[in-house]
Each structure stands twice: as C-alpha cells, then as structure tokens.
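Only this structure's heavy atoms are used, side chains among them; waters, hydrogens and symmetry mates stay out.
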Amino acid sequence: MRSKSFVKTCIIYFVVYSAVVLGLYLLFSFAVNAKLNNSFPALDNLLEYDDALQCDDFAAIPYWKFKNCDYIVFNAANEPLYSTSVELKDYLKDRDILLIPDYDNNKYYQFFQSVTDSGEIRYNILLNVYNTENDAWYVANYCTMDSSYKIIAGGLFPEKESLSEQEIELIRGGYQGKKNIEKYIYFTETGEERLLVFVSPRVTAMAYEKLLNETDRLWLIFIPLLLLVVVIQSVLFSRKVRRSAAPFEKAISSYSKGERMNIPPNAIPVEFQPVIQSFDSLLDRLEQTQSEKEHEVEEKYRMIANVSHDLKTPLTVIQGYAKAFLDGMVPPEKEKTYLQAIYHKSEESAQMMDTLFTYTKLEHPEYELNTESLDFSEFCRAYLSEKYEEIHMRGFALEPDIPETPICAEIDSKLMRRVLDNLTENTMKHNERGTTIYFVLRREKKALSLWVADNGTGISREIRETVFEPFVTGNSARTSGSGTGLGMGITKKIIELHKGSICLVDPPRKGWSTEFEIRLPLT
C-alpha cells in the first residue's frame, strides 16, 4: 500500500483557507481604505491624476474622491480654467494667489506675534526661502504690522499699506477658518504653465476619532466572519492531522525515551519518513541553532551595555553638576568651570549618539551615498591642509605623499572625510606625541590606493583580527567615536558602500608600525 502525501493534503486545506481569508480581508480592507482615503484627501492624492491635469482633462478626475475638498486651476495669466467651487472662485483674487503657501515648500511664510517694551502688540511675517546651493533656509524678506494689521516696517509687501484678515489667513495656510489651502505649479504637455490651488478639510482630533470609530465598526464585522472560517477550517484540518500524525507521535515518544520504533513505511505520510530516519541529526542542528541564538542575544546585550556604559559617565557628571547648581552649592568663582564641564560632557554624549546613529544609518539596506566625481588627490590635499594645524598643535608630525596628477573617483565627500577623520583621530588618540602620520596615495590600473599609517606603538596582535568589528573598545583597539567602539566599523562600512575595501596591513611596511590600506574604484 502506497503512503499518502501529507504535504498535498495541507496544501489543499491551506489554499482553500487562504483564499477565503484573503477574500474577506481584501473586501474589508478595500472598504476601510476607501473610507480613510476619501475622508481626508490631500494634494498628493490629486496629483496622482497628473496625466489628466497635464491634458487639462479635469473631467477625468473622480470628483467623489475629493468630495470634501475644492480646487481651482489657473493659467499663466491667473485666469481660472476650472473650479470645483463657485465660492472658491469668487473668494480668490489675483493678489491673493501669491500669499498662498507653496506645496513644494521651497518657500513659506512664517507668522508670529510679539509684544514691544511698551506693551503694544506686533504681528510679524517672515518670507523663508530655501537655497539649494548651500542646502539651507534664509529669510528673504519680512514685514511688521501693528495690532490692526497696518504695515509699519519691512519690504515684504511694498504695494500694501495693510493686510486684511483674509490675507493673513491665506498666509497662514488657512481658508475660511476650517480648511487648509496650498498651491502647486505644474506644466501641461504643451508646456503651458498651470497653477493649482487646493483646499482640503483641516484634520481635527474629533473628526479623526470619529473616522476611526467608523472604521473600527467595519473591522468588528470582519472579526466574527474570520473566526467562523478559522473554526470550520480548524475542525476539518485537525481531524486530518491527528490521523496522519498518530504514528509519527508514537515514534517521537519512543525517541524521547531512548528507544527506537520500527514503523511500516506506509503507516505515515511520505514526508515524515526522512524525519524519523534523521532525528538525531535534527536534534544536533537544534542545539547548534539555540547556541547561535544565545550568542546573538549576548551580542545585543553587550551592545546595549557598551552604549549605556559610555553614556553613563558624562551623564552622571552633568547630573551631578546640575544638582550642585540647583542646590546652590557652586561657588561663584567655580560656576564657569562647572558650566564648561557640563557643556563638554553634553557634547561628548551628543558625539556618542551621533556615532551610534551614523552606524545604524549606514547599516540600513536602503541607505544611498551622495556621490560626485572628484579629484581624490586634491580632496586629500585639501583635507590635510585643514587638519595640519590640529595635528601640529597636538604634537604630531605629518608626512603626505600625494601626486600632483588628478586621480578621479566617485565619492561621498562628507562620509569620506569622516573616514579620514577616524583614521587620523585614532593615531593621535592612541599614540604618544611625536608620532608621525603618513598619507600615501597612488593610482593603479583599476583602482586608487591610499595608505594611512604611523610609526607609533602599533596595534596588539589580539586586536588586529577584530579591529573593524563594531563595539571593539579599549586603547589597543584604536577605535574612534568617543569610546563607542564604532569608529572603525563605520569606516569599513563607508568604504564598502563606495564599492571599495579597507584592511589592516599585516605586517606593515618597514618604518611603519600601523598601516591601513584603502582601495577605491576609479571613474
């Protein structure tokens, strides 16, 4: 008699069960998502129909999805082409459009209230503009108004003597007190400019809570149906499992007692027969897996303990000095010393957290470099010229050997600077004054090689194998990052993200006690 396949039986039950559950879930998910998406639509939702907008085919945009919103489209002359609301069309004037906040956030108005020394109320509006060249915001213009919104200073609105409450509301991104308003500029397929003004309901805690209660009621209907399907499927499947697994359970019971049980091949499903034959090896693998899991847990606890320990010392100092200030126990002549200690320890803590954040960010699989093609020779020369004064003041010597000919590579200059900082800081941190730091750059056939070395005390043999592993700490480890043990781990990760490699040369060349070699692909 031929054995039956337990897998085929499970597949049949699983497919039927999954199809029913998936069908129920998709049905209710569609209902819930439709309700959520249509209750508080945003401009992003409207921009999903960019094909229709670029063709001026406004009828192709489903109005029911934006029933709580209104929008109006203007041409380059600020003439309305389409509007979902006559009220909105009459409400907006040409002069009002410039006051509406931009969707892309390249500039925005900042409105705030202040009080003069004499107790008079002043309203201030700042125009903040984003500068893409230096990646920073700056105030482009401003105006100051009195309590009646009369402009008394600033050149932000030169053509106006005062602002109306309606204009103030538009500047603050509001519309008729209960809605948000924003504008978006785009171009049609023929290159004509269009201005889209979008009005959406303001999300309040009460409205959102009401929406959640409604969606919760939908899921409350889904749960009983799901439970019914689970119960029916469980009853049917459990019967089949008990029949198929009964001989197998007897065999397992025998093995647990140290006994072997001979079972006819056709007594259990074909899938269980190899399990019976290799039960001993399975137990070995389970023990190995358990051991590896315990090791991973120990590593995580060690990571937490290391970070906690490194942060505890500066935080304890900050807490102690702050408590001394609160208790009035700091003499006036020592206040500056205490404050400097608090500042330095807080800076040290911030550096630790920044290092930990950088490490976790680089470990993320979706992290991308901000690379550009640079002359690596010039990059190294510029870095060393900036670093020279610090190296000299700390009592170290610098011997660079960088060719004058360009050596181009695709690098993230900010991260690559951190690599060089880590390597030079390690040398100065773990060597005596008078040590020489060497920078040697060479171009090879398909890659560039950079050697960063020193003639100091060197790295001990037991640390050499683990110098790039995270959370390796101690003077002999020569790690950077304010004692977190992540400096060399970050260094290696940055180089690997550049599709390069870094290694500790063992043994180092003559005259050097420590030698790191970095290889990066050429462009």
Determine whether the side chains of Ser148 and Tyr123 contain a donor N or O and an acceptor N or O closer than 3.5 Å. no

Considering all heavy atoms, the nearest Thr427-Phe396 contact: O-CE2, 3.9 Å

For residues 505-513, which side-chain donor-acceptor pairs fall under 3.5 Å, sequence neighbours excluded?
residue : atom : partner : partner atom : Å
Asp506  : OD2  : Arg461  : NH1          : 2.5
Arg509  : NE   : Glu515  : OE2          : 3.4
Arg509  : NH2  : Glu515  : OE2          : 3.4
Ser513  : OG   : Asp454  : O            : 3.2
Ser513  : OG   : Asp454  : OD1          : 3.2
Ser513  : OG   : Gly456  : N            : 2.8
Ser513  : OG   : Gly456  : O            : 2.9

Short side-chain to backbone donor-acceptor contact, Asp375 and Ile407, under 3.5 Å: yes

Who pairs with Trp451 by ring pair (Phe, Tyr, Trp, His ring centres under 6.0 Å), at least two apart in sequence or on another chain? none

Salt bridge (Lys or Arg N to Asp or Glu O under 4.0 Å) between Lys160 and Glu167, intermediate numbers included: CA-CA 11 Å; Lys160 295 179 180 292; Glu167 290 172 326; 2.7 Å; yes

Which residue pairs pass the side-chain hydrogen bond (donor to acceptor under 3.5 Å, both in side chains) test when at least one of the two sits in residues 332-342, sequence neighbours left out? none

Quiz question: by atom type and distance under 3.5 Å, do the side chains of Glu410 and Thr523 form a donor-acceptor pair? no

Donor-acceptor pair, distance only, cut-off 3.5 Å: does the side chain of Asn68 make one with the backbone of Pro201? no

Salt-bridge test for Arg95 and Glu159: reply yes if a basic N is under 4.0 Å from a carboxylate O, no otherwise. no

Which of Asn455, Val452, Asp401, Thr514 passes side-chain contact (heavy atoms from CB on, under 4.5 Å) with Tyr438? Answer is Asn455

If we ignore angles and hydrogens, is there a donor and acceptor under 3.5 Å between the side chains of Tyr49 and Lys65? yes

Regarding Thr371 and Asp412, do their side chains bring together a donor and an acceptor under 3.5 Å, going by distance alone? no

Ser114 and Arg122: side chain donor to acceptor below 3.5 Å: no

Taking the side chain from Lys183 and the backbone from Ile100, do they hold a donor-acceptor pair closer than 3.5 Å? yes

Give the intermediate values and the outcome of ring-ring contact (aromatic ring centres under 6.0 Å, His included) for residues Tyr91 and Tyr175. CA-CA 10 Å; Tyr91 185 88; Tyr175 175 75; 4.8 Å; yes

Arg381 vs Glu378, test: salt bridge (Lys or Arg N to Asp or Glu O under 4.0 Å). Steps then yes/no. CA-CA 5 Å; Arg381 280 193 295 269; Glu378 182 60 30; 3.0 Å; yes

Verify the distance criterion only: is there a donor paired with an acceptor across the side chains of Asp96 and Gln166 at less than 3.5 Å? yes

So, Glu169 and Lys179, do they make that salt bridge, N to O below 4.0 Å? no

